[in-house]
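Order of the sequence lines fixes the chain letters, A, B, ..., with proteins taken first and strands second; residue numbering starts at 1 for each chain.
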2 protein chains.
Amino acid sequence: MKKRTSLKDIAEKLNLSKTTVSWVLNGQAEKKGISKNTQEIVLNCAKELHYQPNLIARSLNIGQTKTIGLILPSISDFFYSSIAREIENQANLHGYSLMIASSESDFNKEELVIQMFKSKGVDGIIIAPTKRSKVEIERLMLEKFPLVTFDRYFPELETSYIIIDNKESSYKLTKHLVSRGCKNIALITTNSYLTTMGERNEGYKQALLDSGIKFNPTLVGNVEYEDYETKIVKILDNIFEKVPDVDGFFFTTHILALEAFLYFNNRGIDFNRQFQLACIHGVSLFKILAPKINIARMPVADIGKNAIDILLGEIREKNEQSGEKGQYKVVLPCTLYLNN
Amino acid sequence: MKKRTSLKDIAEKLNLSKTTVSWVLNGQAEKKGISKNTQEIVLNCAKELHYQPNLIARSLNIGQTKTIGLILPSISDFFYSSIAREIENQANLHGYSLMIASSESDFNKEELVIQMFKSKGVDGIIIAPTKRSKVEIERLMLEKFPLVTFDRYFPELETSYIIIDNKESSYKLTKHLVSRGCKNIALITTNSYLTTMGERNEGYKQALLDSGIKFNPTLVGNVEYEDYETKIVKILDNIFEKVPDVDGFFFTTHILALEAFLYFNNRGIDFNRQFQLACIHGVSLFKILAPKINIARMPVADIGKNAIDILLGEIREKNEQSGEKGQYKVVLPCTLYLNN
DNA sequence: CTGAAAGCGCTTACAG
DNA sequence: CTGAAAGCGCTTACAG
């Protein structure tokens with residue numbers, strides 16, 4: 001097995017020092033005043049031997065890996081994989097690679113992943129955190145480790161974060177359903193302990209309040225994350241039983257909407273005709289499944305771009321050891337698509 | 001800024017050598033006969049100082065990163081993100097983390113990613129390759145770099161790979177459409193230069209041949225990858241114009257099917273009633289969109305598990321420098337879901 | 001039962 | 001214009 005060619009190999013072959021070779025290969029040749037001739041020789045030799053630097057060694061030396069860690073609840077969720085894509089693109093533009101891990105909304109796994117990423121030397125972490133993972137997150141804060149959360153955040157912690165205007169979008173969607181004549185709007189939501197979801201629920205309530213409609217707890221279906229496919233069935237059954245004249249549905253995630261559509265379909269319910277619908281975020285298939293659904297579309301590209309920009313900013317700050325670490329809070333607006 | 005605690009810190013604090021501390025912390029204490037007492041002291045101190053090993057340093061030393069690189073055409077494609085999820089889970093079980101990159105089906109980007117992953121020291125690469133990326137792949141082969149391709153493969157190269165029974169599944173699906181009475185089955189496919197797709201196309205042709213139906217090139221719609229949303233419209237328009245009595249559609253990917261459904265929908269075509277449908281792979285929404293579509297479901301979990309098992313096998317082989325590198329070829333069957 | 005020392009492949013202050 | 005040498009934080013043969 002032929003070993004990879006190293007700086008040393010090139011240096012020995014050329015009777016130069018590793019220093020010189022390193023400088024040339026890192027574009028410091030001019031600054032260090034290496035002769036044109038030497039530069040050329042080194043470059044040629046490197047190409048010839050197909051030199052690829054060992055970035056591990058460099059990382060150990062400079063304390064940076066040019067890698068960032070991305071932690072998502074689940075990479076196979078369409079929203080998160082879209083975000084991942086944006087973040088990857090943006091990271092690439094700045095010369096960074098991505099380590100990805102799914103927390104499966106399990107805070108034990110999340111803590112393990114954070115530790116692993118740190119051990120493996122990522123320069124920063126972007127995370128859509130699970131509720132309880134505060135221990136490791138707080139430690140990251142203490143260490144001033146570059147970190148940005150998105151989609152979710154901890155009001156009590158001073159991490160940078162990027163979220164959407166949850167309450168406002170929910171408010172507007174609900175208001176719109178009311179304006180379309182709805183009196184009994186069901187709220188289908190999940191993980192209400194997340195501030196993100198709490199805010200969406202509040203928007204719904206506030207809209208009802210402002211419209212003079214009494215909030216009816218029976219119309220709230222809180223679908224727990226695990227095994228939601230079966231849970232939502234019971235929840236919807238219950239709503240139809242207790243409030244037969246339900247006339248609208250507000251879904252706080254597209255996953256819930258899709259699952260509900262399956263339910264309606266199985267029950268033979270012509271949901272597009274019978275109900276006004278609204279949802280936070282949407283997928284292109286809604287055009288077929290529910291052409292008249294009202295959507296607050298999340299700014300996926302913006303979320304990704306902001307996440308990287310802020311994280312790289314924090315990394316820069318840290319390297320310049322400017323002492324204080326800033327906190328960047330970004331609230332991005334959703335784009336509303338309202339029908340009629 | 002407090003520096004992370006290192007082996008040296010612990011050693012100095014305890015008046016022990018780095019050697020001893022390292023052995024204890026790596027579970028080699030018994031083998032090396034470290035006294036129980038020393039073990040305890042070290043472990044406690046490590047916990048107290050919240051020691052987290054610098055895996056970069058270890059990697060540089062042992063030449064392994066316990067990280068594998070995953071290269072996908074696009075992480076936001078549901079099929080690939082599902083695979084990514086399986087691979088991540090399997091990798092985690094074996095103590096590996098994942099670096100992920102999207103090639104965007106661009107072989108230049110793919111080559112860059114491969115080089116980057118190698119430079120960053122991944123122990124092996126799992127890739128769904130783009131047609132032309134053979135240069136770097138061949139180099140990986142030459143270097144006996146642990147590598148497995150999935151979904152696609154290169155017949156001329158001796159890489160390990162995992163594919164599905166493309167021809168057979170396509171054959172059976174097409175045959176089924178024929179048995180349901182179809183005479184004019186359109187084939188909607190993409191990237192036909194990929195062996196994967198070539199095989200699917202062949203299965204279709206073979207089924208027609210065996211059924212005594214003449215192959216009609218006009219019924220073949222080859223949707224190129226870039227900008228497929230608009231291209232498929234033209235292609236479908238063309239088919240309807242030239243072969244108005246088209247009575248069946250075989251889609252070689254679920255993406256194409258979904259896009260076609262959008263088209264049908266926009267044109268007001270009641271496709272579920274008018275046509276027999278078949279598709280390689282499916283998504284749960286098909287239950288609503290096209291309840292009677294015939295599916296050959298890809299074994300996502302199996303693909304992921306096999307990919308990791310084979311890759312880890314190759315990594316092991318390489319470390320044991322057993323000289324020869326085996327080639328593992330796995331062809332997994334799809335599960336057919338046929339209606340009526 | 002424990003330690004001194006070399007080495008993994010780079011970078012970089014220092015010296016000339 | 002170029003080089004010798006230390007160091008990043010680990011692991012591990014070797015020695016005792």
Side-chain angles (χ1 to χ4, degrees), chain A residues 1-43 45-46 49-67 118-121 123 319, chain B residues 1-43 45-46 49-67 118-121 123 319:
Chain A
M1 181 92 71
K2 199 178 61 204
K3 260 186 53 215
R4 265 168 63 176
T5 70
S6 68
L7 272 192
K8 201 175 153 203
D9 297 330
I10 299 181
E12 280 175 0
K13 178 158 183 184
L14 263 33
N15 263 320
L16 287 167
S17 72
K18 291 188 300 174
T19 308
T20 305
V21 177
S22 171
W23 279 337
V24 173
L25 262 21
N26 286 302
Q28 310 225 48
E30 290 308 326
K31 190 164 54 179
K32 301 292 180 178
I34 311 286
S35 72
K36 281 274 175 240
N37 187 36
T38 306
Q39 290 188 41
E40 201 167 320
I41 290 176
V42 169
L43 255 11
C45 184
L49 298 181
H50 202 256
Y51 173 72
Q52 293 187 283
N54 181 327
L55 261 23
I56 300 272
R58 168 185 285 162
S59 292
L60 181 60
N61 193 288
I62 66 176
Q64 272 204 62
T65 54
K66 289 282 177 184
T67 300
K118 273 170 64 185
S119 269
K120 290 201 171 173
D123 295 338
N319 292 340
Chain B
M1 181 93 68
K2 198 177 63 205
K3 259 186 51 217
R4 263 167 67 177
T5 71
S6 68
L7 271 192
K8 200 173 154 205
D9 297 330
I10 299 181
E12 280 174 359
K13 177 158 184 188
L14 263 30
N15 264 318
L16 287 167
S17 72
K18 289 189 300 174
T19 309
T20 304
V21 176
S22 173
W23 280 337
V24 172
L25 261 21
N26 285 304
Q28 309 225 48
E30 291 307 324
K31 190 164 53 178
K32 301 291 182 180
I34 311 287
S35 73
K36 283 274 174 237
N37 187 36
T38 306
Q39 290 187 40
E40 201 166 322
I41 290 175
V42 170
L43 256 12
C45 184
L49 298 181
H50 202 257
Y51 173 70
Q52 292 187 284
N54 181 327
L55 263 22
I56 300 271
R58 168 185 284 161
S59 291
L60 181 60
N61 192 287
I62 67 176
Q64 274 203 61
T65 54
K66 289 283 179 183
T67 301
K118 274 170 64 186
S119 269
K120 290 201 172 174
D123 296 338
N319 291 341

Query - Partners meeting side-chain contact (heavy atoms from CB on, under 4.5 Å) with Q52(A) (sequence neighbours left out) - result: H50(A), Q115(B), K118(B), S119(B)
Query - L55(A), I56(A), N54(A) screened by side-chain contact (heavy atoms from CB on, under 4.5 Å) with R58(A), the one that passes - result: L55(A)
Requested in this report: Quick one: pull up OG1 in T65(A) and NZ in K120(B) and give me the separation to the nearest 0.5 Å.
Outcome: 6.0 Å
Query raised in the report: In chain order, what residues pass the side-chain contact (heavy atoms from CB on, under 4.5 Å) check against D9(A), with sequence neighbours excluded?
Result: T5(A), S6(A)
**Report entry** Q39(A) versus V24(A), closest heavy-atom pair with distance
**Finding:** O-CG1, 3.8 Å
Query raised in the report: Can you name the residues that form a side-chain contact (heavy atoms from CB on, under 4.5 Å) with N61(A), not counting sequence neighbours?
Result: none
Report summary line: Every stem of 3 or more Watson-Crick or G-U pairs under 3.5 Å that DNA chain C joins, in order of first number, is C:1-3 with D:14-16, C:5-12 with D:5-12, C:14-16 with D:1-3
Report summary line: Letter by letter from the 5' end, nucleotides 7-16 of chain D scores (B base, S sugar-phosphate only, - none; protein heavy atoms under 4.0 Å) BBBBBBB---
Query raised in the report: Within this structure, what is the NZ-to-P distance between K36(B) and dC1(C), rounded to whole angstrom?
Result: 10 Å
Report task. State whether T20(A) places a side-chain N or O below 4.0 Å from either non-bridging phosphate oxygen (OP1 or OP2) of dC1(D). Result -> no
Query raised in the report: Which part of the nucleic acid, if any, lies within contact of S59(B), taking any heavy atom under 4.0 Å across all strands shown: a base, the sugar-phosphate backbone alone, or nothing?
Result: nothing
Show me the donor-acceptor pairs, under 3.5 Å and distance only, between side chains in residues 11-20 of chain B and residues at least two apart or in other chains.
{"from": "S17(B)", "atom 1": "OG", "to": "T19(B)", "atom 2": "N", "distance (Å)": "3.4"}
{"from": "S17(B)", "atom 1": "OG", "to": "T20(B)", "atom 2": "N", "distance (Å)": "3.2"}
{"from": "S17(B)", "atom 1": "OG", "to": "T20(B)", "atom 2": "OG1", "distance (Å)": "3.1"}

Report task. Would you classify D9(B) as touching base, sugar-phosphate or nothing, given that sugar-phosphate means primed atoms plus P, OP1 and OP2, and contacts are heavy atoms under 4.0 Å? Result -> nothing
Query - From T38(A) atom OG1 to K36(A) atom NZ, the distance as rounded to the nearest 0.5 Å - result: 11.0 Å
